[in-house]
Amino acid sequence: MYIRPRRNRKNAVIRAMVEETRLGVEHLIYPIFLQDGTNIKSEIKSLPNNFRWSLDKLLPEIDSCIQLGLKQFVLFPAVEERLKDKHATYSYASDNFYLEVIRQLKQEFPEIVLMSDVAMDPYSSDGHDGLVENGQIVNDPTLPILAKMAVAQAQAGIDIVGPSDMMDGRVGFIREALDASGYDQVSIMAYTAKYASAFYGPFRDALDSAPKSGDKKSYQMNPANKREALLEAQLDMEEGADMLMVKPALCYLDIIHMLKEFANVPITAYNVSGECAMVYAASQNGWLNYEATMSEMLLSIRRAGADGILSYFAKDFAQLMKK
Ligand code: PBG
């Protein structure tokens with residue numbers, strides 16, 4: 001036997017030298033759920049150890065993340081039902097608490113990078129990402145609403161907007177609106193290949209944002225499709241996306257890998273709520289080791305080709321790295 005692959009694994013020093021994939025806190029973006037009010041830190045039942053935060057409680061939490069080297073956050077608003085309407089007008093209202101949180105966080109912690117979600121569902125009385133007319137999710141009339149939302153977030157100081165609605169043409173529409181308002185430095189991370197997945201359950205619990213009727217299959221992609229992601233990627237790049245996202249991550253590692261080969265912009269992946277909930281549940285039962293499984297998951301997403309990863313594990317991973 002001349003070739004013995006185990007020689008390159010014989011001790012920790014050699015293993016470290018030949019390690020192909022690196023994962024650090026700099027690759028992670030931490031999702032945070034926000035709620036209006038004060039003194040709120042309410043746990044999300046289906047996503048243990050994740051909370052809806054009011055701004056006052058969130059400030060020290062962000063500070064503790066920064067101490068761990070975790071400096072990128074994606075923010076999602078839990079909006080009261082009475083503020084929701086068909087046109088998601090609260091999403092760009094001047095007294096919107098989400099926009100206020102963005103302003104305050106950027107003022108308090110200028111070094112952090114904040115990313116938003118641009119979609120109607122948290123603000124829509126229909127619970128859909130686009131405008132509903134006669135039971136249909138209509139595409140083009142949704143675009144100006146998304147553009148207003150993105151410009152309002154840019155005004156508040158957001159660094160990256162994340163259109164997550166899968167309407168056609170939204171990246172270009174938002175890019176034009178941002179540029180026309182003087183925000184050519186605000187980046188767009190496009191949810192390029194976002195699948196109609198069953199793994200978003202805990203997220204919809206967190207925001208109480210599940211569709212009131214129907215499902216999201218007329219805009220989110222069919223989990224059976226791979227080549228279609230190339231078309232979405234091509235369009236998003238042509239329309240000016242700075243980064244392309246694949247979502248969910250774990251069942252879609254092949255899509256991440258393919259887009260990394262195909263695209264010439266960075267690729268990110270969203271390790272979504274249901275993927276993390278599985279690990280929390282199994283580890284609470286003593287069936288899996290939490291730290292080892294979550295690290296392996298994040299590493300596999302990087303290995304598949306993701307430059308950045310949005311994950312509820314971000315803070316725990318950062319803590320683990322500090323140890
Ligand atoms: C909605 C949105 C969803 C998520 C992020 N943005 C849910 C959906 O499409 O219904 C899911 C994220 C997660 O499950 O962690 N615009």
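Atoms within a ligand are numbered from 1 in the order they appear, just like the ligands themselves. Source: prediction; values computed, not measured. Counting from 1, the numbers follow the sequence of the chain as shown.
Salt-bridge check for Glu61 with Lys315: passed, with a basic side-chain N closer than 4.0 Å to an acidic carboxylate O. Salt-bridge annotation for Lys323 and Glu291: present, with a side-chain N of the basic residue lying under 4.0 Å from a carboxylate O of the acidic one.
Both the sub-6.0 Å distance and the 45° axial angle are satisfied by Lys194 relative to the ring of Tyr200.
Aromatic pair Tyr290/Tyr280: centroids less than 6.0 angstrom apart.
Distance CG/Asn271 to SG/Cys276: 4.0 Å, rounded to 0.5 Å.
Ring geometry for Tyr270 versus Tyr191: interplanar angle of 30 to 60°, hence tilted.
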List of N/O pairs, ligand 1 versus protein, all under 3.5 Å?
from	atom 1	to	atom 2	distance (Å)
ligand 1	6 (N)	Lys247	NZ	3.3
ligand 1	9 (O)	Lys194	NZ	2.7
ligand 1	9 (O)	Gln220	NE2	2.8
ligand 1	10 (O)	Arg204	NE	2.6
ligand 1	10 (O)	Arg204	NH2	2.7
ligand 1	10 (O)	Lys216	NZ	2.8
ligand 1	14 (O)	Ser273	N	3.3
ligand 1	14 (O)	Ser273	OG	2.7
ligand 1	15 (O)	Ser273	N	2.8
ligand 1	15 (O)	Ser273	OG	3.4
ligand 1	15 (O)	Tyr312	OH	2.6
ligand 1	16 (N)	Asp121	OD1	3.2
ligand 1	16 (N)	Asp121	OD2	3.3
ligand 1	16 (N)	Asp129	OD2	3.2
ligand 1	16 (N)	Ser164	OG	2.8

